[in-house]
Asks: 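I'd like to ask you about the structure that follows.
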There are 2 protein chains.
Amino acid sequence: MREFKRKARVLLIDDNADHLRGVKELITLESSYDVVATTTSASMGINLAKKYRPDLILMDVNMPEKDGLQAIQEIEKLDLGIRVICLSGYDDADLIFRAMKLGAKSYVLKTMASAQLIYAMDEVAAGKIYLPTALTSRFFEYFQRSFKEEQTVSAEENLLTYLTSREEEVLDLLTQGNNYKGIAGKLFISETTVKTHVNNIFQKLQVNDRTQAVLYALNNGFKRHKIAV
Amino acid sequence: MREFKRKARVLLIDDNADHLRGVKELITLESSYDVVATTTSASMGINLAKKYRPDLILMDVNMPEKDGLQAIQEIEKLDLGIRVICLSGYDDADLIFRAMKLGAKSYVLKTMASAQLIYAMDEVAAGKIYLPTALTSRFFEYFQRSFKEEQTVSAEENLLTYLTSREEEVLDLLTQGNNYKGIAGKLFISETTVKTHVNNIFQKLQVNDRTQAVLYALNNGFKRHKIAV
DNA sequence: TTTGTCTTACATCTTTGGATTGATAAAATA
DNA sequence: TATTTTATCAATCCAAAGATGTAAGACAAA
């Protein structure tokens with residue numbers, strides 16, 4: 001049962017009152033969307049989102065204050081299916097990356113043509129995620145750079161490769177927050193044996209205690225776990 | 001000093017010989033690129049990449065065998081500035097995500113129009129990263145889903161918010177692998193004071209020892225550090 | 001067969017870590 | 001002003017962690 005005729009409802013959040021008016025006018029005149037509410041405050045925007053449950057939110061994200069990003073996060077946490085489109089004056093790759101990471105469905109620059117904004121709204125209203133080509137390119141450069149850095153670190157020399165398979169098991173249990181007794185119980189071996197393994201692990205990883213061993217493991221490719229308390 | 005006139009040189013890797021011929025013909029007839037070599041084997045492709053040092057590589061990535069992805073990784077590791085474009089029969093989000101993560105500069109489906117491929121080559125040759133709109137959308141859905149899973153855990157209730165600023169400092173030093181003495185020295189306070197803080201941290205985070213505290217911190221938004229040994 | 005590595009295990013000893021209680025002064029808050 | 005929170009420090013006490021040396025059985029490689 002989809003509603004075909006109802007106009008999609010939009011909430012505008014922008015701390016610049018002038019720009020807010022401009023966008024509202026643009027949407028009212030040149031698009032088929034209903035502006036149900038506007039506000040210049042991020043926290044007020046969250047309240048209005050709860051109250052009106054719009055289909056879309058046009059959210060201003062300013063660089064210096066990170067209110068905008070936090071607001072996205074909180075709106076996503078509400079889980080009301082409200083789709084957030086970022087409007088920003090900055091084509092900063094980090095900002096784009098973080099906004100998309102938090103669940104924004106689109107990111108459009110204020111300097112772009114108004115048709116671009118309307119197009120983004122149409123795409124997002126149709127359930128898609130949309131980034132202008134130029135920003136997609138920026139996003140991917142940032143994305144690939146961040147992964148490349150991860151790889152080069154572990155490339156130097158990974159002391160983890162010197163561990164025997166049993167030592168890996170022990171280290172894995174250490175990274176879950178187990179003490180000697182816990183590890184002994186889980187591997188069905190004596191506590192003294194565990195101590196032997198752990199000491200060997202310290203030698204091989206060149207660390208002084210279990211916390212450093214765990215940190216080394218996590219920083220060098222060991223998978224993360226939930227803590228077993 | 002850029003070379004304007006030289007035609008960009010392309011290496012083709014595709015285990016389907018028929019498709020390989022087709023792509024070669026397409027590029028030769030309809031584009032301004034030079035096909036310098038072709039091969040049906042991924043490992044041979046890496047050798048040819050070293051030998052010819054092409055500007056671009058058109059790489060076939062098949063779903064079942066992950067040779068293609070491994071090949072991308074190895075070519076990126078060579079760090080010769082060779083740009084890899086993925087050609088695939090599958091618009092699988094995970095496959096797209098992994099290919100881009102490993103450094104592919106573009107990802108085009110075999111079912112797409114040949115003009116699309118030429119366009120991708122032009123964009124990549126110009127130094128950009130290019131994904132067709134439809135695939136960008138898929139990529140972002142996958143991207144956001146993977147981050148959403150991470151967040152739901154920490155969204156419940158973050159015990160870190162109960163920490164005082166001093167306790168945060170102490171915890172931060174714990175996540176760098178410091179012991180009591182190390183922390184005391186760095187904060188210019190006595191070791192017993194550090195013990196008090198650490199004990200309070202344990203209470204607030206509901207953990208039993210420093211390793212669990214560190215793991216909780218890392219799993220709930222504390223930034224990662226290098227180990228200070 | 002010998003050599004070496006891995007896994008298991010124990011004893012001993014020292015150091016570090018963690019729990020608890022109590023106390024003081026400054027600062028924030030009601 | 002009174003109250004609470006925060007940051008500082010100390011003394012104990014016990015448990016846990018870590019260092020070191022030794023050694024036996026399993027197993028694989030030379």
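Every value quoted in this text rests on a predicted model; they were computed, and no experiment measured them. Below, chains carry the letters A, B, ... as their sequence lines are ordered, and counting in each starts from 1. No hydrogens, no waters, no symmetry mates; every other heavy atom, side chains included, goes into these values.
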Asks: Rounded to whole angstroms, how far apart are OH on A:Tyr180 and C1' on C:dA9?
Replies: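 After rounding, the reported distance stands at 15 Å.
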Asks: What protein N or O atoms touch nucleotides 24-30 of chain C N or O atoms at under 3.5 angstrom, if any, and at what distances?
Replies:
none

Asks: What is the distance from atom CD1 of B:Ile75 to atom CD1 of B:Ile13, rounded to the nearest 0.5 Å?
Replies: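 Here the rounded value is 5.0 Å.
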Asks: Atom CD1 of B:Ile201 and atom CG of B:Leu163: how far apart are they, to the nearest 0.5 Å?
Replies: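 Nearest 0.5 Å value for the CD1-CG distance: 6.0 Å.
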Asks: A:Glu191 has an atom CD; how far is it from atom P of C:dT8, in whole Å?
Replies: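 Checked: the CD to P distance equals 15 Å.
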Asks: Salt-bridged, B:Arg138 to B:Asp91, with N to O below 4.0 Å?
Replies: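 Looking at B:Asp91 together with B:Arg138, the answer is yes, because their closest N to O distance falls below 4.0 Å.
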Asks: Ion pair present between A:Lys77 and A:Glu74, side-chain N to carboxylate O less than 4.0 angstrom?
Replies: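 Salt bridge: no.
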Asks: Please name all residues satisfying ring-ring contact (aromatic ring centres under 6.0 Å, His included) with B:Phe97, sequence neighbours left out, ordered by chain then number.
Replies: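 A:Phe143, B:Phe139, B:Tyr142.
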Asks: Rounded to whole Å, please give me the gap between CG in A:Leu163 and P in C:dT7.
Replies: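 Distance check: A:Leu163 CG to C:dT7 P gives 10 Å.
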Asks: Not counting sequence neighbours, which residues clear side-chain hydrogen bond (donor to acceptor under 3.5 Å, both in side chains) with B:Glu141? List them please.
Replies: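 Here no residue qualifies.
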Asks: How far does the helix from C:dT1-D:dA30 to C:dA30-D:dT1 bend, going by the axes of its first and last five pairs, to the nearest 10°?
Replies: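 The angle separating the two end axes equals 50°.
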Asks: Roughly how many Å is it from CD in A:Gln212 to P in C:dG17, rounded to a whole number?
Replies: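 Nearest whole value for this atom pair: 10 Å.
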Asks: Please state whether the phosphate of C:dC10, meaning OP1 or OP2, lies under 4.0 angstrom from any side-chain nitrogen or oxygen of A:Ser190.
Replies: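 Checking C:dC10 against A:Ser190, a side-chain N or O does come within under 4.0 Å of OP1 or OP2.
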Asks: Which residue pairs pass the salt bridge (Lys or Arg N to Asp or Glu O under 4.0 Å) test when at least one of the two sits in residues 202-211 of chain A, sequence neighbours left out?
Replies: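 Listed once each, the pairs are A:Glu167-A:Lys204.
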Asks: Which part of the nucleic acid, if any, lies within reach of A:Thr164 when heavy atoms closer than 4.0 Å are counted: base, sugar-phosphate only, or nothing?
Replies: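 It contacts sugar-phosphate atoms only.
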Asks: Taking CG from B:Asn208 and P from C:dT20, how many angstroms apart are they, rounded to a whole number?
Replies: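 Whole-Å distance recorded here is 11 Å.
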Asks: Please report the interatomic distance CG(B:Asp60) to CG(B:Asp15), rounded to the nearest 0.5 Å.
Replies: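 Output value for this atom pair is 5.0 Å.
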Asks: Going 5' to 3' on DNA chain D, which nucleotide is the first and which the last to come under 4.0 Å of a heavy atom in chain B?
Replies: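 Nucleotide range in contact with chain B: D:dT6 to D:dA10.
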Asks: I need the residues from residues 195-204 of chain A with at least one non-hydrogen atom less than 4.0 Å from DNA chain D; give them sorted by number, or say none.
Replies: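 Result for residues 195-204 of chain A: A:Lys195, A:Asn199, A:Phe202, sorted by number.
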Asks: By side chain to side chain contact (heavy atoms under 4.5 Å, CB included), which residues pair with B:Arg21, not counting sequence neighbours?
Replies: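 Residues passing side chain to side chain contact (heavy atoms under 4.5 Å, CB included) with B:Arg21: B:Asp18.
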Asks: Can you name the side chain to side chain contact (heavy atoms under 4.5 Å, CB included) partners of B:Leu80, sequence neighbours left out?
Replies: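 Once residues adjacent in sequence are excluded, the partners of B:Leu80 under the side chain to side chain contact (heavy atoms under 4.5 Å, CB included) criterion are B:Arg53, B:Leu78, B:Ile82.
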Asks: What contact category does A:Thr192 fall into here, base, sugar-phosphate, or nothing, at under 4.0 angstrom with non-hydrogen atoms?
Replies: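 A:Thr192: base contact, heavy atoms under 4.0 Å.
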Asks: Using side chain to side chain contact (heavy atoms under 4.5 Å, CB included) as the criterion, list what pairs up with A:Ser41, not counting sequence neighbours.
Replies: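 Partners of A:Ser41 by the side chain to side chain contact (heavy atoms under 4.5 Å, CB included) criterion, ordered by chain and then number, come out as A:Thr39, A:Ser43, A:Met44.
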Asks: Taking only residues two or more places apart in sequence, or in another chain, which ones meet B:Thr196 in a side chain to side chain contact (heavy atoms under 4.5 Å, CB included)?
Replies: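 Checked B:Thr196 against side chain to side chain contact (heavy atoms under 4.5 Å, CB included); matches are B:Asn200.
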Asks: Who are the ring-ring contact (aromatic ring centres under 6.0 Å, His included) partners of B:Tyr107, not counting sequence neighbours?
Replies: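 B:Tyr107 satisfies ring-ring contact (aromatic ring centres under 6.0 Å, His included) with no other residue.
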